[in-house]
Amino acid sequence: MEALLEPLLHSPRLARYRDEIDRVLAAEHERRERFYDEIEPNQKAEFINGEVIMHSPAKAKHVQITGRILNLLSNWSILHESGSVFFEKALVCLTRNDYEPDVLYYGPEKAAVITPDQMKFPAPDFIIEVLSESKEKYDRTVKFTDYADHGVEEYWIVDPDERTIEQYGIGPDGIYALHSKLDATHQIKSRRVDGFAMPVIAAFDDVANLAALREMLSVK
């Protein structure tokens, strides 16, 4: 950040840059307020860097993978009375942008202040995004930066075609560092949700997902 700002801070045009930034942000704020007013419950829409991004309908594999992961994480949360799990229609409102992550988890502290009628959500503790053609460029770029900047401690990127899960955590420099990239022969253990683990294959296969759920219930 300092390297980016250094030339601007020493430029004689600094005040002009500030005025232009203020103008852009003011116009963006107006568009964002319209986005809140106009978004429909049946739409998959996000507000990113001043633009409304409408995503195409999800493919079956995307919906199924999201559902399998949601099944395990939400049941784990209920069994252990630990936090709350939401999915893509929960609008996460960060400083500049608004996202609808595929799966998101709030630890007990944040979950305790979420109300039943809430429509705008703060940054969660853990986010999972399942890649698709319309989302991948955002999942790996602006969201990758934004989630880390807002303290989302753990971030998984699930690739339906490679059948892999990439697990990221915030490094000492404040940006995400890759902890592991695991294929369907491995088990993945959350670094933020204490005690939650699942076979990677359970994200991609119904039988494996059911087996993982049964094991989870038997352990409880």
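I48 and V130 fall into different hydrophobic clusters, where Ile, Leu, Val, Met, Phe, Trp and Tyr residues are linked whenever their side-chain heavy atoms come under 4.5 Å apart, directly or through other members. Placement of W156 and I170 in two distinct hydrophobic clusters is found when ILVMFWY residues are connected by side-chain heavy-atom separations under 4.5 Å, directly or transitively. Hydrophobic clustering (ILVMFWY, side-chain heavy atoms < 4.5 Å, transitive): V85 and F121 are in distinct clusters. Cluster annotation: I188 and L72 are assigned to the same hydrophobic cluster (Ile/Leu/Val/Met/Phe/Trp/Tyr, side-chain heavy-atom contacts under 4.5 Å, transitive).
Salt-bridge formation is not detected for the pair R96/D146: no Lys NZ or Arg NE/NH1/NH2 atom is positioned less than 4.0 Å from an Asp or Glu carboxylate oxygen. For R68 and D206, the salt-bridge test passes: some basic side-chain N is under 4.0 Å from an acidic carboxylate O. Salt bridge K59/E133: present, at least one basic N to carboxylate O contact under 4.0 Å. At a threshold of 4.0 Å, the pair E166-R140 counts as salt-bridged, since one of the basic side-chain nitrogens sits closer than that to a carboxylate oxygen. The pair R191-E154 does not meet the salt-bridge criterion, since no charged nitrogen lies less than 4.0 angstrom from a carboxylate oxygen. Electrostatic pairing of K135 and D102 counts as a salt bridge here, judged by a charged N lying under 4.0 Å from a carboxylate O.
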Margin query: Please determine whether side chain to side chain contact (heavy atoms under 4.5 Å, CB included) holds for the pair F126 and V152, giving the CA-CA distance in whole Å, both sets of side-chain angles, and the decisive distance to 0.1 Å.
Written below: CA-CA 6 Å; F126 176 29; V152 179; 5.6 Å; no

Next item on the list: Any chance you could lay out the side chain to side chain contact (heavy atoms under 4.5 Å, CB included) test for R31 and R34, step after step, and finish with the verdict?
Entry: CA-CA 5 Å; R31 292 195 297 273; R34 287 199 301 273; 3.2 Å; yes

Next item on the list: I would like to know whether T185 and D183 meet side chain to side chain donor-acceptor pair (under 3.5 Å); could you show each step before the answer?
Entry: CA-CA 6 Å; T185 64; D183 64 22; 2.5 Å; yes

Next item on the list: Please assess Y99 against V142 for the test side chain to side chain contact (heavy atoms under 4.5 Å, CB included), listing each intermediate value before the final yes or no.
Entry: CA-CA 11 Å; Y99 306 109; V142 63; 3.7 Å; yes

Check: Could you walk me through whether K181 and E162 pass the side chain to side chain contact (heavy atoms under 4.5 Å, CB included) check?
Finding: CA-CA 11 Å; K181 180 177 179 179; E162 289 191 3; 3.2 Å; yes

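Q43 places a side-chain N or O within 3.5 Å of a backbone atom of E40 that can act as its donor or acceptor partner. Between the side chain of S82 and the backbone N or O of S77 there is no donor-acceptor pair closer than 3.5 Å. A donor-acceptor pair under 3.5 Å is formed between the side chain of D125 and the backbone N or O of G107. Formation of a donor-acceptor pair under 3.5 Å by the N75 side chain with backbone atoms of N71 is found in this model. At distances below 3.5 Å, at least one donor-acceptor pair connects side-chain atoms of K44 with backbone N or O atoms of E100. Of the possible polar contacts, one joining the K89 side chain to the P41 backbone as a donor-acceptor pair under 3.5 Å is found. H62 contributes no side-chain N or O that, together with a main-chain N or O of S132, makes up a donor-acceptor pair within less than 3.5 Å. At distances below 3.5 Å, not a single donor-acceptor pair connects side-chain atoms of S11 with backbone N or O atoms of P7. Judged by distance alone, the side chain of K61 and the main-chain N or O of D161 form no donor-acceptor pair under 3.5 Å. Distance alone, capped at 3.5 Å, is enough to place a donor-acceptor pair between the N97 side chain and the N49 backbone.
The neighbour count for D194 CG, taken as heavy atoms of other residues, nucleotides or ligands under 6.0 Å away, does not exceed 12. Counting heavy-atom neighbours within 6.0 Å of E33 CD, excluding the residue itself, gives a total above 12. Within 6.0 Å of CZ on F144 lie more than 12 heavy atoms contributed by other residues, nucleotides or ligands.
Annotation: the span from R32 atom CZ to H29 atom NE2 amounts to 8.5 Å, rounded to 0.5 Å. Between S74 atom OG and Y105 atom OH the span is 12.0 Å, to the nearest 0.5 Å. In this structure, CD in E28 is found 9.5 Å from CD in E51, a value given to the nearest 0.5 Å. Note that the CG atom of L91 and the CD atom of Q118 stand 11.0 Å from one another [nearest 0.5 Å]. T145 contributes atom OG1, which lies 6.5 Å from atom CG of D149 (distance to the nearest 0.5 angstrom). To the nearest 0.5 Å, atoms CD (E46) and OG (S134) are separated by 8.5 Å.
Side-chain contact between D19 and I21 is absent, with no heavy atoms from C-beta onward closer than 4.5 Å. The shortest side-chain heavy-atom distance between D139 and L131 falls under the 4.5 Å cut-off. The side-chain heavy atoms of L79 and M216, taken from C-beta on, include a pair separated by under 4.5 Å. Within the 4.5 Å cutoff, no side-chain heavy atoms of R163 are placed close to those of V200. Between Q64 and F204 there is no side-chain heavy-atom pair separated by less than 4.5 Å. Residues V92 and P122 form no side-chain contact, since every pair of their non-hydrogen atoms from C-beta on lies 4.5 Å or further apart.
Relative ring orientation between Y155 and Y176 is described as tilted, the plane-to-plane angle lying within the 30° to 60° band. The aromatic rings of F47 and F35 lie tilted to each other, with the angle between the two planes from 30° to 60°.
Taking each heavy atom of A58 and V63 in turn, the nearest pair found is CB-CG2, 3.8 Å. Taking both residues in full, the closest heavy atoms of A45 and M54 are given as CB-SD, 3.5 Å, listed atom of the first, atom of the second, then distance. The shortest non-hydrogen separation linking P101 to A90 is CD-O, 3.8 Å. Pairing each heavy atom of A208 with each of I201, the nearest pair is CB-CG2, 3.7 Å. Nearest heavy atom pair, residue P199 against residue A212, reads CD-CB, 3.9 Å. When every heavy atom of L104 is checked against every heavy atom of P124, the shortest pair comes out as CB-CG, 4.0 Å.
For Y168 and Y147, the ring centers are positioned 6.0 Å apart or more.
For K189 and F196, the positive end is not near the middle of the six-membered ring at less than 6.0 Å and at most 45° from its axis.
Across V158, I157, I65, a single residue satisfies side-chain contact (heavy atoms from CB on, under 4.5 Å) together with I165, and that is V158.
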